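Every chain is numbered from 1, with letters handed out A, B, ... down the list of sequences. Everything numeric here is computed off the predicted structure, so don't read it as measured data.
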Protein chains: 2
Amino acid sequence: MGKNTREQLLESARRCFAAKGFYGASIADIADELDLTKQALLHHFGSKEKLYGEILKGIAESIISDIIRTRADVTDPLAQLEALMTGILKRQLAHSDEAQILMRELLDNRARAEQAGNWYLKPFLDSLVSIVRTIPLEEDLTEARALALVYQFLGSINYFVVSEPTLTQMFGKEMHAAMRQDYPEQLRLLIRSRFHRV
Amino acid sequence: MGKNTREQLLESARRCFAAKGFYGASIADIADELDLTKQALLHHFGSKEKLYGEILKGIAESIISDIIRTRADVTDPLAQLEALMTGILKRQLAHSDEAQILMRELLDNRARAEQAGNWYLKPFLDSLVSIVRTIPLEEDLTEARALALVYQFLGSINYFVVSEPTLTQMFGKEMHAAMRQDYPEQLRLLIRSRFHRV
DNA sequence: CAATTTCCTTACCAATCGGTAAGTCATTTA
DNA sequence: TAAATGACTTACCGATTGGTAAGGAAATTG
């Protein structure tokens, strides 16, 4: 039953870290969810940091492989950008745990020096930038501008995903359901209109 | 010197909470920055939670008063939206501490039941929505769609502000400086093009 | 001048943190 | 069958957490 326990611990840890952050979640909390002691967790992962590191690695790998799959399908750069962004939105909505963890990682970067989980995602950002720069546009996009554009879309996506509980509390469940259903289309509109192809 | 100490403690706490989050920052850390003991802090604020609550309240008040000031100047709804959003961007860039705390608050909402600091900002969201809905557009905007639109812009802003250290680490200081300088213009372009007024 | 209040300290406290050590029990391997 | 390995447990550990109690020095107030 060893392999199974390990994976269950990873799932539990992902939930806890997403909900309370690295400092807020204790390894005892995580193990308790499976009616285990924290020493069982330490047996499998050695330390809290290593456990967290494995989770970050898993998220980055999963996202990147997800992206690569999407990328091969389309050739037109604008369509490709659109497909990638809506793909990311869908993905993050389905795995909001991961979106939360990455957002926390973004925030904790200031304190926790290097080893950030976002580094894994740099190649992914680079490829998005190169796609954007091949889209014909009257203005010439510097790398900084292309990155800013990419960041605007990524921000729209991740901020929304991470705001789910707050939006639900503020505007009610139905309102959030409506937004969630419509958001992919709104994202597509935002991207297309920015490139004057509406 | 009491009033002064209190304010200095608030500043120090804002920095610590922004950098490490509510759980990650200890009241001893905060007091240490002023060469005080944590008991001095407890004397002024009673408890860690109350201190944090005061910070949230301060941030919300400061943002809202900032917004109200911007709002009176313009009448055309699109121009008003534009002014508000670039105003928020400027503001968040200048007070990235506050942007980080609010983003953390968004994430911790799941765990820490009600009393969220984002509630203070609901009227602000409402007024943004009402502005957007008065902008003429071929599609009719439901409340959910208008809110989605607002959220896209807010996401673009806050995600970028919060990503500063990561972006700097990944792409270098100069690149980030270039992005930061250009981001207001890019935001304006994003908003205008979405409303077909480029 | 006496009393009180404000601001802060040292001295504690129980609870919790991540982690180590040692041992139990079941399964696998030689 | 004996040895070894994997998957846990209980029993600890020192450090740190937020918070309380009591008191001291200085300023404010009567």
Calculate the interatomic distance between [X] atom [atom1] and [N] atom [atom2]; express it in whole Å.
| X | N | atom1 | atom2 | value |
| --- | --- | --- | --- | --- |
| Q39(A) | dA7(D) | CD | C1' | 13 Å |
| L9(A) | dA7(D) | CG | C1' | 11 Å |
| D32(A) | dT16(C) | CG | P | 11 Å |
| I30(A) | dG18(C) | CD1 | C1' | 12 Å |
| Q8(A) | dC8(D) | CD | C1' | 15 Å |
| D29(B) | dA15(D) | CG | P | 17 Å |
| E49(B) | dT17(D) | CD | P | 16 Å |
| L41(B) | dT17(D) | CG | P | 13 Å |

If you take all heavy atoms of L89(A) and I157(A), which pair is closest and at what distance?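 It is CA-CG2, 3.7 Å.
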Quick one: is [N] close enough that its OP1 or OP2 comes under 4.0 Å of any side-chain N or O from [X]?
| X | N | answer |
| --- | --- | --- |
| T5(A) | dC8(D) | yes |
| H44(B) | dC8(C) | yes |
| T37(A) | dT10(D) | no |

Do M85(B) and L128(B) have side-chain heavy atoms sitting under 4.5 Å apart?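 M85(B) reaches L128(B) side chain to side chain.
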Does the side chain of D182(A) come within less than 4.5 Å of T142(B)'s, by heavy atoms?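 In short, these two side chains do not touch, never coming nearer than 4.5 Å.
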Taking the side chain of I27(A) as its heavy atoms from C-beta onward, which of dC7(C), dG18(C), dG18(D) lies nearest to it?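 The closest nucleotide is dG18(C).
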From dG18(C), dA7(D), dG19(D), pick the nucleotide closest to the side chain of K48(B)?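 Comparing dG18(C), dA7(D), dG19(D) against the side chain of K48(B), the answer is dG19(D).
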Quick check: on DNA chain C, is the nucleotide nearest L42(A) upstream (toward 5') of the one nearest S26(A), or the reverse? Name the residue that is more 5'.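 Upstream on the strand: S26(A).
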Under the ring pair (Phe, Tyr, Trp, His ring centres under 6.0 Å) rule, what pairs show up with a residue in residues 173-194 of chain B, not counting sequence neighbours?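 Every ring pair (Phe, Tyr, Trp, His ring centres under 6.0 Å) pair that includes a residue of residues 173-194 of chain B, provided the two are not neighbours, is F160(B)-H176(B), F160(B)-Y183(B).
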No-H, no-angle donor-acceptor pair, K38(A) side chain to dG19(C) base, under 3.5 Å: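 Yes, a donor-acceptor pair under 3.5 Å.
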Upstream residue (5' side of DNA chain D) when S47(B) and H43(A) are each assigned their closest nucleotide: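 On the 5' side of the pair lies H43(A).
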Determine the contact category for A25(B): base if any of its heavy atoms lies under 4.0 Å from a base atom, sugar-phosphate if only primed atoms, P, OP1 or OP2 are that close, otherwise nothing.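 A25(B): backbone/sugar contact only, no base atoms under 4.0 Å.
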For the residue pair F22(B) and F17(B), does the interplanar ring angle fall in the parallel (under 30°), tilted (30 to 60°) or perpendicular (over 60°) class?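 If you compare the ring of F22(B) with that of F17(B), the planes turn out parallel.
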